[in-house]
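Structure record follows, encoded as C-alpha cells.
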There are 2 protein chains.
Amino acid sequence: MRYSHQREAIKKTIQETNCHPTADWIYKETIKIIPNISLGTVYRNLKCLEESGDIKTIYDGNIARYDWNTEPHNHLKCKHCGDLIDIVLSDESIHPQIKQDFKFDVDLVEMTIIGTCQKHT
Amino acid sequence: MRYSHQREAIKKTIQETNCHPTADWIYKETIKIIPNISLGTVYRNLKCLEESGDIKTIYDGNIARYDWNTEPHNHLKCKHCGDLIDIVLSDESIHPQIKQDFKFDVDLVEMTIIGTCQKHT
DNA sequence: TTTATAAATAGTAATAATTCCTATTATTAT
DNA sequence: ATAATAATAGGAATTATTACTATTTATAAA
Ligand SMILES: [Mn+2]
Ligand SMILES: [Mn+2]
Ligand SMILES: [Zn+2]
Ligand SMILES: [Zn+2]
C-alpha cells in the first residue's frame, strides 16, 4: 500500500475524535483539510485502514461507524442522544462456556449495552 | 390496527423459520402465498409487527433481520456461513456494575458472539 | 344488506448509505 | 528524470429502505 495524503488525513480525523464517527462525518471533516477529496476516497480508505488494523468498524443499527480504539472493548449506547461510550468488560469468561454448550468456537464478543447516559438524569 | 391478509401472511412466514430472515427473504416467501404483495407492504408491516411486539428487529452488520423470538436472548454468529443461532445468557449480573461504574442506566444488553459454528470442524 | 369511512395496499418514485467505474494524477522504484 | 502503476476525483450504479398516491378493502353504521 502506497502513501497517500488523503489516507493520512482520514486517519488523523478519526484519531482526533471520540465520537465514533460515520463515513459522512469523516468526509465533512476531512474536506476542510483536503477540499477536493471525494466520498468514494473516504470509503475506500476506511476499508484500507480497517484492513491494516488502524481502525475498527462498528455497526450502530444499520449505519457503519469507525473507531480509532482497536483494543477489545464494548459500548454503552444511550437511547436518548445516541452517544456511544467505550467500556472494557472482562467477558472472556463466556468463551469456554459457549464452546462447551454450543460447540461454537468464539473469536470475539460484540456487546452493546443500551440504556440512558448520565446526561439525562 | 385493522386486520390484513398481508400482515398475517408476513407474520406466519417469520414464525415458520429459525433463520432470522431479511425483509427481502420474507418478501420472496410471502409472495408465494400472496402473488401481488409489494415490498413496501412487507416493510410497513414489519414495522407494525415490531411495534405490536410480535417480532423483534435485529441488526446484522448493516442489514436488518427479523426474529419471531421476542424473549430476551443473544446470538452466536458464524463468520463462515453467517448463521445466527439463539442463545440465552444470564447477563443481568452486569447491570448493577455498569450503573455504578458508568452512571449508565441499563435497559438491555445486545450481545453477538462471533466465531465458528459446528458445521465447519 | 347496502353504504360510508378511513385504513391498508400495490406500484412506483425517492432517499440514503455504500460500492463501482474510469480517465487523470501522484507516488515510488529504477 | 522516467516508467510503472497505485490512488484519486467525480460521477454512475447498487442496495436497503422509506415516501407517495390512486385504488382496494375492512369494518362500522344505517
Ligand atoms: Mn469504541
Ligand atoms: Mn434470535
Ligand atoms: Zn445520552
Ligand atoms: Zn457456520
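Sequence lines set the chain letters: A, B, ... in the order given, protein chains first and strands last, and positions in each chain run from 1. Hydrogens, waters and symmetry mates are skipped; everything else that's a heavy atom, side chains included, is used.
Atom NE2 of A:H73 sits in a crowded spot, with more than 12 heavy atoms from other residues, nucleotides or ligands closer than 6.0 Å.
With rounding to whole Å, B:K28 atom NZ is found 9 Å from D:dA16 atom P. A straight line from CG of A:L39 to P of D:dA12 spans 15 Å, rounded to a whole angstrom. Here D:dA16 presents its P atom at 16 Å from CH2 of B:W25, a figure rounded to the nearest Å. If you measure from atom OH of B:Y27 to atom P of D:dT17, you get 15 Å, rounded to the nearest angstrom. Remark: P of C:dG11 and CD1 of B:I31 are 9 Å apart, rounded to the nearest angstrom. Across the protein-nucleic acid pair, A:L46 atom CG and C:dT19 atom C1' stand 13 Å apart, rounded to whole Å. For B:M1 and C:dA7, the CE to P distance is 12 Å, given to the nearest whole Å. For the pair A:I63 CD1 and C:dT19 C1', the computed distance is 15 Å after rounding to whole Å.
Backbone-only engagement by B:N45 is indicated by non-hydrogen atom pairs under 4.0 Å involving sugar-phosphate atoms exclusively.
Here the side chain of A:R7 pairs no donor or acceptor atom with the backbone of A:L49 at under 3.5 angstrom. When atom types are taken as modelled, the side chain of B:W68 and the backbone of B:E16 share no donor-acceptor pair closer than 3.5 angstrom.
Side-chain proximity of A:K47 to C:dT19, D:dA9, C:dA10: nearest is C:dT19. Closest to the B:N36 side chain, of the nucleotides D:dT17, C:dG11, C:dT18, is C:dG11. Comparing C:dT28, C:dA10, C:dA7 against the side chain of A:R2 picks out C:dT28 as the nearest.
Ring geometry, A:H75 versus A:H20: the interplanar angle exceeds 60°, so the pair is classed perpendicular (tilted spans 30 to 60°).
Across A:I33, A:N36, A:T41, A:T30, a single residue satisfies side-chain contact (heavy atoms from CB on, under 4.5 Å) together with A:Q6, and that is A:T41.
In terms of position along DNA chain D, the nucleotide closest to A:Q6 lies nearer the 5' end than the nucleotide closest to the other residue of the pair A:Q6 and B:S4. The nearest heavy atom of DNA chain C to B:N62 and to B:Y3 marks one nucleotide each, and the one closer to the 5' end goes with B:Y3.
In this model, the phosphate group of C:dG11 is not approached by any side-chain N or O of B:S38 to a distance below 4.0 Å at OP1 or OP2. Dashed line: the shortest gap from a side-chain N or O of A:Y43 to OP1 or OP2 of C:dT18 is under 4.0 Å.
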